[in-house]
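Down below is the structure, laid out as structure tokens.
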Amino acid sequence: MQQIMKRRYLLAALTAMVLLMFSGCRSRHSEDIDLRLRGRVDNFNKTSFINRYQDPSCAIHEAYDALALLRDSLPQYADGFLRAYNNLAFEYYMLAEHDSAATYIDSVLCLAEDRRLAAHCQNAQVERIIAQLTQIRLLQRSCKIADSYQLLYNIERSSVLRKEPSDYLCAFARMEYYITSLTLNYHYRNSAVASSSGTQLDRATKLSLEDLLGEVEESRQSLRCDYAEDLSLNYAIAHAYYRLSSVSDSDPELLAHAYDYLIRNLRILANPRHYSEYHLANVYQLQAFIVADSNIVPEAYYQQCSTELGILDSLGTPLAPSPWQTDEEYGAYMFRISTDLFFRTPDPYQHLGAVVSAAEYSLSVGDTLAAADYYALALADSTWHDGMAPKFESMLYDGLIRMGYSNSQDINQQWYVRQMQLLTFIRENESADISLKDRLDRSEARNHYYLVIILIGGISLIALGVFVVLLRRRAKLLKQEKLALQEAKRKDVERIANVETCLSVLRHDINPFLSYLTNPHLPDEMRQEVLQQLLRTFSNIKSWTNLSIPNGMQFRLTQFPLEEVFTAVADSCPRPHPEVRLVHQPTTLSVSGDRQLVEILLRNLVNNALQHTQQGSVTLRGESYSEDSRFVHITVADTGSGMDAETLDNLFRPDKTVQPDTDNPHGTGFGLILSKFIIKRHDDNTLRGCRIWVESELGKGTTTHVLLARPQTVSCEP
């Protein structure tokens, strides 16, 4: 019996050992299969990444193969999903299919935020940064500079990019960050576009670009990803140095740095395995920009070309100019080569940018035939679409109108309306970028200030505890001085803002109108509208300037009959639509204020109402305010098209402008901002409570309300 039991125990033990060995083999076999599958996914993603510039179609195909394998066999391999999504986002960006790119960017961001998957993902944070950098590029192309800068600001302050790059993915993220940051400052800021008129960079952007280049130069040697990323970063650095040289009196040292990085790219491209038409087009286009830039004297780039650029002839067409070429011929030659190369790539964004840049240069040197050929190429190119590149599209319509490309008044009208819409959109985004940058700079300064105060306070408490009372008194005095400085700074900022507003109007509103008046094919009706808009704009700017500058127009407090002002306004306002009636209700009320300013105020409001009213009437009325008899309630009511809630909210904001409608493409909103400023002057100099507001509804007209003080309620003090 005991022997039988022993045999049973031995048999059970042997069975358990066999099962354990089988389970272990099966587990190892499963792990081996997973590793092989992951290796295949990684190879698909690597091939997609390597071909991101050379062959976008191949890159997309390989990324989709990776996704198919992941979904079928490795649904938990988050790193593989993130890499495939980012590859697709970048490739669709390169093809200017922005909606598809945005979709895959969202996929990366959602997956990187999933804590359950991110726990098993090594590269979640790096991939998230890469997706955000592609998103920034999309925002920059759409001229949404404020959103782009905010994302860059957040990335810059994250801990991810501060670590030393440990692999190609980290290096790629770091290099993409520098490329995106440099491009933002030298191309998308300060209305900086490629043209023959020279580079425009304000002082803050110039300093920011200099600091950024210093940081890039320090890190450049340690950043290694692949030759394609080297080409992209070298080009961004070269372009940044060129822009700085242009705004620094053609500084030969800065220009030499630009050519140094161009030569590095030419040496990479001279290797047949690394040849890329996209990157070669960038080299030739940058040379064309340098030649076209009126701030760069020909001797500066001729000297650079004669040293090393002429050596690299293996690429087919040398960059150095031929002895028989004039400056204009050489510039046109460079633009023609770069345009041809860009049209061999599948990126419609680059197609449009290359064409309008070449056409702009042709116009600047008087070659209208070449410009017309380039514009014809743009109009015939079906790969680009509205909204894909607002700056380049704006340049296209501006050039078409300026050179009188079409004899059709209808086509000119369509181009003109679209140009106004684009200018308004670009101006709004540039204003938002300026406001955001100023706000972030103030926040940075405030944070540094508080940090210094805390450190000084801590040291003072430890070392000078016996002088606590004296320190408190000193802190109180410092606080008072700080408040005084802040108040002085606020007044200075307000004064500067007034000047910037006028300059913005001159740059964005007046210059295009003056340019359009030279078009012989512009319809007479539109020409009259442009002239009237110019006169109104100049009048408002004059009034704004006189009110804003020190020792300008002084506020003259008087008492005057409102009826006289109504009559003067009614007699002086033109009628854009003769069938619209202007009615003012007789009144016996008087107003305390500056008569001249009140006339400017009401004239702006009535003019604005007449412009937006196609039929019906505009009614000017004055009566005692029912809620407070100390005020006179003035209303300007029209039967026009009305406004939606968003437009109503932005009416009086200097950083926003009202989107023009098709019936009134000339409206800028500047008159309303001036009206708000006039009311503020009255509120500061008379009884507190003067104000202006607007009530409107789409399709039901608009009513503007103004409250001004009656004579008996005027304060004795100014």
**Prompt:** Quick check: are there more than 12 heavy atoms from other residues, nucleotides or ligands sitting under 6.0 Å from CD of Glu579?
**Reply:** yes
**Item:** N/O donor-acceptor pair under 3.5 Å between Asn608 side chain and Asn604 backbone
**Value:** no
**Message:** According to ring-ring contact (aromatic ring centres under 6.0 Å, His included), who are the partners of Tyr625, at least two apart in sequence or on a separate chain?
**Reply:** His633
**Message:** Using the rule given for salt bridge (Lys or Arg N to Asp or Glu O under 4.0 Å), can you reason through Glu695 versus Lys700, listing the C-alpha separation, both sets of side-chain angles and the distance that settles it, and then say yes or no?
**Reply:** CA-CA 10 Å; Glu695 296 176 346; Lys700 296 185 179 181; over 6 Å; no
**Request:** May I ask you to check whether Gln419 and Ser394 show a side-chain donor-acceptor distance below 3.5 Å?
**Result:** yes
**Prompt:** Is a side-chain donor or acceptor of Asp628 paired with a backbone partner of Phe631 at a separation under 3.5 angstrom?
**Reply:** no
**Message:** For the OG atom of Ser592 and the CG atom of Leu557, what is their distance to the nearest 0.5 Å?
**Reply:** 6.0 Å
**Item:** Straight-line distance of Gln350 CD to Ser357 OG, nearest 0.5 Å
**Value:** 9.5 Å
**Asked** Can you list the residues that meet the salt bridge (charged side-chain N to carboxylate O under 4.0 Å, His left out) rule with Arg595, with sequence neighbours excluded?
**Response** Glu564, Glu599
**Prompt:** Between the main-chain N or O of Ser408 and the side-chain N or O of Ser406, is there a donor-acceptor pair closer than 3.5 Å?
**Reply:** yes
**Asked** With a 3.5 Å cut-off and no angle check, do the side chains of Asn154 and Gln150 form a donor-acceptor pair?
**Response** yes
**Prompt:** For the ring pair Phe392 and Tyr349, is the centre-to-centre distance below 6.0 Å?
**Reply:** yes
**Message:** Please check this pair: side chain of Trp384 against backbone of Ala378, looking for a donor-acceptor N/O pair closer than 3.5 Å.
**Reply:** yes
**Asked** Nearest heavy-atom pair of Val580 and Ser617: which atoms, and what distance?
**Response** CG1-CA, 4.1 Å
**Pairwise distance OG(Ser590) to CD(Glu563) - rounded to 0.5 angstrom** = 10.5 Å
**Asked** Heavy-atom distance under 4.5 Å between the side chains of Asp147 and Leu151, does that happen here?
**Response** no
**Request:** Walk me through it: do Leu605 and Ile692 pass the test side chain to side chain contact (heavy atoms under 4.5 Å, CB included)?
**Result:** CA-CA 11 Å; Leu605 297 180; Ile692 182 172; 4.3 Å; yes
**Request:** Would you mind reporting whether Thr703 and His705 have side-chain heavy atoms less than 4.5 Å apart?
**Result:** yes
**Request:** May I ask you to establish whether Arg427 and Phe425 are in a cation-pi arrangement, using a distance under 6.0 Å from NZ or CZ to the six-membered ring centre and at most 45° from the ring axis?
**Result:** no
**Asked** Is the shortest heavy-atom distance from the side chain of Leu400 to the side chain of Leu379 under 4.5 Å?
**Response** yes
**Message:** Give me the atom names and distance for the closest heavy-atom approach of Met643 to Ser696.
**Reply:** N-OG, 2.9 Å
**Message:** So Ile155 and Ile136, do their side chains get closer than 4.5 Å, heavy atoms only?
**Reply:** yes
**Request:** Could you walk me through whether Thr587 and Arg621 pass the side-chain hydrogen bond (donor to acceptor under 3.5 Å, both in side chains) test, one step at a time?
**Result:** CA-CA 8 Å; Thr587 179; Arg621 185 192 307 272; over 6 Å; no
**Complete:** Between Ser208 and Asn185 the two heavy atoms that sit nearest each other are OG-OD1, 3.7 Å
**Carboxylate-amine/guanidinium contact Lys144 Glu428, below 4.0 Å** = no
**Item:** Mutual orientation of the aromatic rings belonging to His584 and Phe566 [parallel < 30°, tilted 30-60°, perpendicular > 60°]
**Value:** perpendicular
**Asked** Hey, are Ser148 and Gln140 close enough side-chain-wise for a donor-acceptor pair under 3.5 Å?
**Response** yes
**Item:** Residue pair Leu184, Ile145: steps toward the side chain to side chain contact (heavy atoms under 4.5 Å, CB included) verdict
**Value:** CA-CA 8 Å; Leu184 170 66; Ile145 306 305; 3.6 Å; yes
**Message:** What I'd like to find out is whether the side chain of Arg710 reaches to under 4.5 Å of the side chain of Ser624, using heavy atoms alone.
**Reply:** yes
**Asp683 to Cys690 - nearest heavy-atom pair and separation** = OD1-N, 3.1 Å
**Item:** Point-to-point distance, once rounded to the nearest 0.5 Å, from CG of Leu396 to OH of Tyr405
**Value:** 9.5 Å
**Leu707 vs Trp693 side-chain heavy atoms within contact, under 4.5 Å** = yes
**Message:** I want to check something: taking the side chain as every heavy atom from C-beta on, are Gln132 and Leu152 in contact at a cut-off of under 4.5 Å?
**Reply:** no
**Prompt:** Under 3.5 Å, side chain of Asp638 to main-chain N/O of Thr619, donor-acceptor pair present?
**Reply:** no
**Prompt:** Would the number of heavy atoms belonging to other residues, nucleotides or ligands and lying under 6.0 Å from CG of Asp99 be above 12?
**Reply:** no
**Prompt:** How long is the span from the OG1 atom in Thr180 to the CG atom in Leu133, to the nearest 0.5 Å?
**Reply:** 5.0 Å
**Complete:** Across all chains, not counting sequence neighbours, the salt bridge (charged side-chain N to carboxylate O under 4.0 Å, His left out) partners of Arg581 are none
**Request:** May I ask you to test the Leu138-Ile105 pair for a side-chain heavy-atom distance under 4.5 Å?
**Result:** yes
**Request:** Start with the C-alpha gap between Asp644 and Thr647, add the side-chain angles, then the distance that decides, and say whether side-chain hydrogen bond (donor to acceptor under 3.5 Å, both in side chains) holds.
**Result:** CA-CA 6 Å; Asp644 56 23; Thr647 304; 2.6 Å; yes
**Request:** State whether the side chain of Thr558 and the backbone N or O of Gly593 hold a donor-acceptor pair below 3.5 Å, judged by distance alone.
**Result:** yes
**Asked** Are Thr383 and Asp381 close enough that a side-chain donor and a side-chain acceptor fall under 3.5 Å?
**Response** yes
**Message:** Walk me through whether Lys391 and Arg141 qualify under side chain to side chain contact (heavy atoms under 4.5 Å, CB included).
**Reply:** CA-CA 8 Å; Lys391 274 196 174 181; Arg141 281 189 172 187; over 6 Å; no
**Asked** Got a second to check how far Ile634's CD1 is from Leu589's CG, nearest 0.5 Å?
**Response** 9.0 Å
**Request:** Please report the closest heavy-atom contact between Ile678 and Leu601, naming both atoms and the distance.
**Result:** CD1-N, 4.0 Å
